[in-house]
Amino acid sequence: MTIDAAPTVRVNDFAVKLANVNGTGSASANSLLMQAIFRMGIPVSGKNLFPSNIQGLPTWYEIRVNKDGHTARALEYDLMVAMNAQTYAEDIAAVRSGGYLLFDSSWPLDDDLVRDDVTFLGVPLARMCLENFKKPRERILMKNIAYAGAIVALLGIDVELVRSLLAETFARNEALRESNQRALQLGYDFAVATFDCPLPFRVEAMDATKDSILIDGNTATALGALYAGATVAGWYPITPATAVMDNFTRLCATYRREVIPGEHDGDAPTVRNNYIILQAEDEIAAIGMVLGAGWSGARSFTSTSGPGISLMNELLGLAYYTEIPAVIVDVQRTGPSTGMPTRTQQADILLCAYASHGDTKHILTFPANPAECFEFAVTSFDLAERFQTPVFMLLDLDIGMNDWVVPKFTWDDSFVPDRGRILTDEDLAGMKEFYRYANADAEHVAARTVPGSDSKGAYFIRGSGHDMFGRYTENPDEYQEVVDRLKLKHASAASHVPAPVVISRPGAHVGIITLGSCDLAVREAIDELAERGLAADFMRVRGFPFVSDVRAFVEGHEHCFVVEQNRDGQLRSLISIETGVPIESMHSILAYGGFPLSAAQVVDGVLGHGNIEQLED
């Protein structure tokens, strides 16, 4: 059914959802559309919502286009591309009133599914590919490119740009390049001949992404580790963190190899790897390898997710107590237990802050996008060595596995890693005796030595009770002296972790605190609240331990909301525990179903709170 009334034209402001079956090769076609819009200079986001099985279950890809940069997840869709009969009813229900739905008209659509307020666009994709391609698998794959061609026409995407993207992708395979180009043209030509193209919502070229790149957080994290000087990694594969090490391995193979000339004339040169990456038998072994390398003086790290952190807890306590630097990249996913491995969440905050038994506190960084993944990876290595302790960088699946539009990375070639207090042989020569945990500085950090130093710097490391001289003790005062210093050392890190981002609005009585990938949705929500007459201030926490500004922000607002993606309000609890503000002074807005946060969820959470309407103008 079609709608005759001509709606208002909207340019660069719409959302598209593509519904497919996992394992049918749709990811390439969906990514192609997002890349084309990005290359047209338009702010865009792509969210891949996929199942954890290999093949057969529903998968969705959501594209949000917004000229103002509001690219958090949408909840209503202007165009639905329904390629999965199993989810037709669900997908049709998600189209906004007045929206459009593209489906494969090779088979009839059940009359019960038709909505009077939605325009249905039938494209005979299966029949089209059956007639134009010979191999069964090729027909399945080219169906995706054919619907991409139809969408290119419907949305006014530059078709020549899309053709060039396909040419780049398949530059080394002429047969694939030709079939993809043909499928694209089939879908495009059918849409142009059959429908009124472009639709009332469409794209027009902008210049908003010229200084930006398209990258996912896992790749950016690996690049940051490379630039930070990491040379050792121990890991065990786990969704959604595996790509961190895949990319780090690829980068090291290119940039961490040294050509050694032959010893004698005529001898062939050899290639030496200036790095080592070890896939361990499990996460326990992985963190053990990382700690061994960190104790030896190498910059070392692991990447994992919640289940891996759970397994690493005992050795993380060892690293905290014996003061060994390490970086742990936690790409958070939905728990508990196995949970939903391909869904996003922020539920490891307390797990990481207090990892291991006994009294422990760890340094955390919270990047909000791939650009900060790159930046905070470097920061995390510096923090780990400066404070001789494990540092956790907590991103999540949304950041790690989805492509984001972020500013081009910059790098200061004069960067010098902060190795912290490492004694040289010259330092040791001027000392009467060296004690590992004595003579702490103003930040409560004691000097360390690394293997290969003068024998005067040798010491025995132990995870059992020890005093400031590194000697075994069960004396209460001697034990407490060490663990109290560790607490003070952790507190000293507050001024070194990434500072909170604060945006204030005149007259605001409402404050909203958030972290990580919630950033874009909360910023958009604050703009929408302002349009409704409710001013709200914004704070995004980027590191732990907290600076005093966090407590001041809570105390400075009549209503303070904490937006996060977990069930139990973990950031809210951590703020209360660590700053002393009453937990009742903060109100939780929680989204923990596994999909990325949307602005609508935040707006509804704020406006749904009792008495908040009294603050509206």
Side-chain angles (χ1 to χ4, degrees), residues 1-19 29-47 60-83 91-92 94-103 115 117-123 125 144-166 183-210 212 214 403 405 524 599:
M1 179 173 293
T2 59
I3 299 173
D4 295 329
T8 304
V9 172
R10 281 181 291 122
V11 175
N12 297 337
D13 184 17
F14 59 85
V16 178
K17 188 170 186 176
L18 302 104
N30 300 338
S31 178
L32 177 71
L33 293 168
M34 182 190 175
Q35 290 179 56
I37 295 170
F38 167 75
R39 291 208 186 180
M40 290 181 69
I42 306 165
V44 62
S45 66
K47 306 293 185 187
W60 293 271
Y61 190 79
E62 302 176 349
I63 297 174
R64 174 119 186 248
V65 175
N66 185 273
K67 59 183 180 296
D68 299 319
H70 291 318
T71 54
R73 183 176 179 240
L75 294 181
E76 288 189 328
Y77 306 94
D78 301 282
L79 173 63
M80 176 69 67
V81 182
M83 295 291 116
D91 297 332
I92 292 170
V95 183
R96 69 166 183 82
S97 181
Y100 292 74
L101 183 136
L102 187 153
F103 69 101
R115 282 175 51 186
D117 61 340
V118 171
T119 300
F120 287 77
L121 308 173
V123 181
L125 294 163
N144 300 317
I145 301 301
Y147 76 60
I151 295 170
V152 167
L154 291 168
L155 298 181
I157 298 172
D158 184 346
V159 68
E160 292 301 326
L161 176 58
V162 180
R163 290 192 184 106
S164 68
L165 283 169
L166 286 175
L184 177 77
Q185 199 65 44
L186 287 170
Y188 182 86
D189 289 345
F190 182 91
V192 169
T194 310
F195 310 123
D196 187 10
C197 296
L199 296 176
F201 47 91
R202 60 192 65 166
V203 296
E204 288 183 5
M206 294 177 62
D207 196 24
T209 64
K210 65 177 181 178
S212 301
L214 199 60
D403 288 332
V405 177
E524 182 181 354

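- Looking at heavy atoms from C-beta onward, V16 lies in side-chain contact with L18 at the 4.5 angstrom threshold.
- In terms of heavy atoms, L214 sits closest to M34 at CD1-CE, 3.5 Å.
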Determine, step by step, whether L166 and L32 satisfy the side-chain contact (heavy atoms from CB on, under 4.5 Å) criterion, reporting the C-alpha distance in whole Å, the side-chain angles of both residues, the deciding distance to 0.1 Å, and the verdict. CA-CA 8 Å; L166 286 175; L32 177 71; 4.0 Å; yes

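- The two residues V405 and S212 have their closest heavy-atom pair at CG1-CB, 3.7 Å.
- When all heavy atoms are compared, the tightest approach of P43 to M206 is CD-SD, 4.0 Å.
- E524 approaches A72 most closely through the heavy-atom pair OE1-CB, 4.0 Å.
- The line from CD1 of I151 to CG of L121 is 10.5 Å long, rounded to the nearest 0.5 Å.
- D403 CG to S31 OG: the interatomic distance, rounded to the nearest 0.5 Å, is 5.5 Å.
- Checked by atom type, the side-chain pair E160/S164 shows no donor-acceptor distance below 3.5 Å.
- In this structure, CG in D117 is found 9.5 Å from CZ in R96, a value given to the nearest 0.5 Å.
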Evaluate the criterion side-chain contact (heavy atoms from CB on, under 4.5 Å) for residue pair F195 and V123; output intermediate values, then yes/no. CA-CA 10 Å; F195 310 123; V123 181; 3.9 Å; yes

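- Between the CG atom in L75 and the CD atom in E62 there is a gap of 8.0 Å [rounded to 0.5 Å].
- Looking at heavy atoms from C-beta onward, V81 lies out of side-chain contact with N30 at the 4.5 angstrom threshold.
- Taking 4.0 Å as the cut-off between side-chain N and carboxylate O, E76 and K17 do not count as a salt-bridged pair.
- Ion pairing between D78 and R10 holds under the 4.0 Å rule for side-chain N and carboxylate O.
- Not a single donor-acceptor pair under 3.5 Å links the side chain of R64 to the backbone N or O of D13.
- Pairs of residues two or more places apart, or lying in two chains, never qualify as salt bridge (Lys or Arg N to Asp or Glu O under 4.0 Å) while including a residue from residues 149-158.
- Taking every heavy atom of both residues into account, L154 and C197 meet most closely at CD2-SG, 3.8 Å.
- Under the 4.5 Å side-chain criterion, counting only non-hydrogen atoms from C-beta, V11 is not in contact with V203.
- Pairs of residues two or more places apart, or lying in two chains, that qualify as side-chain hydrogen bond (donor to acceptor under 3.5 Å, both in side chains) and include a residue from residues 184-206 are R163-Q185, Q185-D189.
- Between the T209 side chain and the F38 main chain, a donor and an acceptor come within less than 3.5 Å of each other.
- A side chain to side chain contact (heavy atoms under 4.5 Å, CB included) with F14 is found for one member of N66, L79, L155 and no other, namely L155.
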Before you tell me yes or no, could you show the steps for M80 and V118 under side-chain contact (heavy atoms from CB on, under 4.5 Å), namely the whole-Å CA-CA distance, both residues' side-chain angles and the distance that decides it to 0.1 Å? CA-CA 10 Å; M80 176 69 67; V118 171; over 6 Å; no

Passes ring-ring contact (aromatic ring centres under 6.0 Å, His included), F120 versus Y100? Steps please. CA-CA 6 Å; F120 287 77; Y100 292 74; 9.9 Å; no

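- The two residues I92 and R115 come nearest to each other via the heavy atoms O-NH1, 2.7 Å.
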Applying side-chain contact (heavy atoms from CB on, under 4.5 Å) to L101 and Y77, what does each step give before you reach the verdict? CA-CA 9 Å; L101 183 136; Y77 306 94; over 6 Å; no

